[in-house]
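Notes follow the structure.
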Protein chains: 2
Amino acid sequence: MTTKKRITLREVAEAVGVHVSTVSRALGPNTRHLINSDVVEQVIRASRQMDYRRHAAAYSLKTNRTKTVGVIVPDITNAIFPPMIRGIEDSLSTAGYLAIVGNTDGDNERERTLLDTLVGRGIDGLILASVERKDDVFDLAASESIPIVTVNRRPDRDSVHSIVHDESEGVRRALTHLVSLGHRRIAMIAGPQTLSTGAERYAAFVQSRSSLNLDSDESLVAFAQAYNESAGEHCVEELIAAGHTFTAILCANDRLAVGALAALSRRNLICPKDVSVTGYNDMPMVDRIDPPLTTIRIQQYRMGFEAGSMLQKLMNGESPAQVVVLPVELVIRSSTARVLDGR
Amino acid sequence: MTTKKRITLREVAEAVGVHVSTVSRALGPNTRHLINSDVVEQVIRASRQMDYRRHAAAYSLKTNRTKTVGVIVPDITNAIFPPMIRGIEDSLSTAGYLAIVGNTDGDNERERTLLDTLVGRGIDGLILASVERKDDVFDLAASESIPIVTVNRRPDRDSVHSIVHDESEGVRRALTHLVSLGHRRIAMIAGPQTLSTGAERYAAFVQSRSSLNLDSDESLVAFAQAYNESAGEHCVEELIAAGHTFTAILCANDRLAVGALAALSRRNLICPKDVSVTGYNDMPMVDRIDPPLTTIRIQQYRMGFEAGSMLQKLMNGESPAQVVVLPVELVIRSSTARVLDGR
DNA sequence: TTGTAAGCGTTATCAA
DNA sequence: TTGATAACGCTTACAA
């Protein structure tokens, strides 16, 4: 119950026997050089010993910087986000920034309120993992003219800083892999076309399919309304209902793939014997499901880390590369297999 | 690119033609009554129209309150936490509090750093979901004399405010359910005994087992080192290796149960035909696994909400009930079935 | 009912 | 190299 009193600059100054401003300067890495090094030494020792910690509010009031950035994710439950957040935190904390992460559950209203609270608190920067191709919240945030970086997705707009993955390459690899196993009639469960990942993966599919000379039947594509399991199930039903045959399904996302797997087994179609399935993201646990999922691995942690660094540059007034495109990797597991009968 | 300028009290005051302090009072719900209601009206209208927002740092500096609370969870990936966090946020936001949630991944060092950053920033209160029975971080936080509420778990200490569930009742229900299906030899996978939930559920098992007159063979209990799937698998191996027979396993947690299921099927034991399994928590997805898990449902959202309310009372200097114990519910699904042969 | 003024802990400008 | 001082935007005695 020892109510620790907060130590202020003034107290440190008194202890050392110098003026407050001297202490302030001695403690700031950028102003330290102005002060006699013995004094700096003394000040640092004293502040350490007295357990001085800068009063964040006072600092903010004076400098108008909070050393805080907001992070908005669509769904914290989605296992790809925690590693990403960790990456963001790790890169930001080195420079003394704190990340406040908020979760929108895809609710646009909630996202707006969240942004409002964050801006109200005064954040120095914003990382958006939730952005849609046309995004009010992004526009709103941008109009506040605080630095923004989007991760994983990007809006249909120029001059947006973002960290994304090489979507075409990912789709191309998955498709090439399937083709190398003898598949020719390959269906796709495409993601929401309102998201850049959804649109780009679909475009890449169309593109790669033709460059690989595959049957390009439009009815072999089902569009999911959301990146979740039930949308995946629904799409499989749709594909089957359309009456077309296929020996493989390329899914725009692991959760869609998980749903697809469930729907297939409900139809007594065995994966991979009857139909091969690929996912996208390599989220945690997909190596533990039945069958372990062949998927495209993205760099979750790194994506976050890079976003943090990019944002820091922006906040320092530098001009980092506008877009960083991270490479992806094909992870082959047991949900894909050689096609059985010649076709 | 319209750099919106921040509106200050002074500007609102000028617009209305009164003094800053009048505006301040008119805007504060507690001081509003001091001001002529016409003026209040005017001030509110003006501030709305000018989009005034209180400068959080200035407010904090003056009042020494940040309207911010820290929330520390062990593992955000664990699906029981997001609903809980949502509950916390919802209850706190009504009073203008912002929750900053941090994730420790069970890393004690990280937890300490996190607490440090939070305290450094000045939080008005703390919610700990990560607490162990003996917990340095809790002690540290307590020594800062900021209000703390623990959720879901509690330390072995008196005078700790917390929201927990009725663990004995939960275990009792699960066990009674199994007994009602004819099971007599029931194993337990107990959770880490360093956590209150682990210890309490184990104690309840021992207690209920004797009051139900079951075989009380100590080797029918395996202790998991952590609440995760691999620990669950490991424990099943241990139980089987011990060579004892059992027709059911009561698991201290859903993730342990998921692991147990995996291990059983690897041993070609069918659940629930050969052995019934129960979980604990009713976390998302356990109704989708194979077989859908019989489990004890805890109130994740409500737990968070109550924690938020309790903390608010504490922060207001009130004295809420020290411990709130929430009731649990048995959810019967397909992982439990009547025992086959008389035994 | 409203105004005055002090002060929260910093940083930054200016002088010394 | 250091000190004095003002200012950041707000709340809150105290006065009027």
Side-chain angles (χ1 to χ4, degrees), chain A residues 3-44 46-47 50-68 96 119-124, chain B residues 4-44 46-47 50-68 96 119-124 316:
Chain A
T3 307
K4 268 192 214 150
K5 208 188 143 299
R6 248 207 119 88
I7 298 295
T8 70
L9 273 192
R10 210 170 60 77
E11 298 170 281
V12 178
E14 270 163 14
V16 180
V18 292
H19 194 265
V20 211
S21 50
T22 306
V23 178
S24 173
R25 287 189 270 248
L27 258 25
N30 305 319
T31 42
R32 188 164 302 166
H33 68 277
L34 297 168
I35 304 294
N36 185 316
S37 50
D38 307 357
V39 180
V40 170
E41 178 88 1
Q42 275 183 284
V43 167
I44 292 187
S47 71
M50 303 172 75
D51 193 30
Y52 165 80
R53 341 196 25 159
R54 175 167 70 197
H55 194 295
Y59 172 83
S60 298
L61 178 56
K62 184 61 195 177
T63 61
N64 218 22
R65 283 189 281 113
T66 54
K67 287 280 188 181
T68 297
V119 171
R121 298 291 180 130
I123 49 177
D124 296 343
Chain B
K4 269 190 211 150
K5 208 187 145 300
R6 246 208 122 88
I7 299 296
T8 71
L9 272 193
R10 209 169 61 77
E11 298 169 280
V12 178
E14 270 164 13
V16 180
V18 292
H19 193 265
V20 206
S21 55
T22 308
V23 179
S24 173
R25 287 190 269 251
L27 258 24
N30 304 320
T31 42
R32 188 165 301 167
H33 67 277
L34 297 169
I35 303 292
N36 185 316
S37 50
D38 307 357
V39 179
V40 170
E41 179 87 2
Q42 276 182 282
V43 166
I44 291 187
S47 72
M50 304 172 73
D51 192 31
Y52 165 79
R53 341 196 27 158
R54 174 166 74 196
H55 193 295
Y59 172 84
S60 299
L61 180 56
K62 184 64 195 174
T63 61
N64 217 23
R65 285 190 280 113
T66 53
K67 287 280 190 180
T68 298
V119 171
R121 297 289 178 135
I123 49 177
D124 296 344
N316 290 336

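Proteins come first, then strands; the chains are lettered A, B, ... in the order of their sequence lines, and each starts at number 1.
The nearest whole Å value for the distance from the CZ atom in R10(A) to the P atom in dC8(C) is 8 Å. Between the C1' atom of dG9(D) and the CZ atom of R54(B) lies a distance of 11 Å, rounded to the nearest Å. Rounded to whole Å, the distance from CD on E11(B) to P on dC8(D) is 11 Å. We find that CG of L9(B) is positioned 14 Å from C1' of dG3(C), with the value rounded to whole Å. Between K67(A) atom NZ and dG9(C) atom P there is a gap of 21 Å when expressed in whole angstrom units. Between N64(B) atom CG and dT11(D) atom C1' the separation is 12 Å, expressed in whole Å. Taking atom CG of L34(B) as the reference point, atom P of dG3(C) lies 13 Å away to the nearest angstrom. Distance I35(A) CD1 to dT2(D) C1': 6 Å, rounded to the nearest Å.
Here the nucleotide nearest the side chain of T8(A), chosen from dC10(D), dT10(C), dT1(C), is dT10(C). The side chain of K62(A) has dA12(C) as its nearest neighbour among dA4(D), dC10(D), dA12(C). Comparing dG9(D), dT2(D), dT10(C) by their nearest atom to the side chain of N36(A) picks out dT2(D). Side-chain proximity of V39(B) to dT2(C), dT11(C), dC10(D): nearest is dT2(C).
Judged purely by atom type and a 3.5 angstrom limit, R25(A) has no side-chain atom pairing as donor or acceptor with the backbone of T31(A). A donor-acceptor pair under 3.5 Å links the side-chain atoms of T66(A) to the main chain of G122(A), judged by distance alone. Under the 3.5 Å distance criterion, the side-chain polar atoms of R10(B) are left unmatched by any main-chain donor or acceptor of V20(B). A donor-acceptor distance shorter than 3.5 angstrom exists from the side chain of T63(A) to the backbone of Y59(A), with no hydrogens or angles considered. Checking side-chain atoms of S60(A) against main-chain N and O of R65(A) turns up a donor-acceptor pair under 3.5 Å. Judged by distance alone, the side chain of H55(A) and the main-chain N or O of A58(A) form a donor-acceptor pair under 3.5 Å.
The phosphate of dA4(D) (OP1 or OP2) has a side-chain N or O of H19(A) nearer than 4.0 angstrom. Using a 4.0 Å cut-off, no side-chain N or O of Y59(B) falls inside it from OP1 or OP2 of dT12(D).
Sorted by residue number, the members of residues 20-28 of chain A with any non-hydrogen atom under 4.0 Å from DNA chain C read S21(A), S24(A), R25(A).
R6(A) approaches R53(A) most closely through the heavy-atom pair NH2-O, 3.3 Å.
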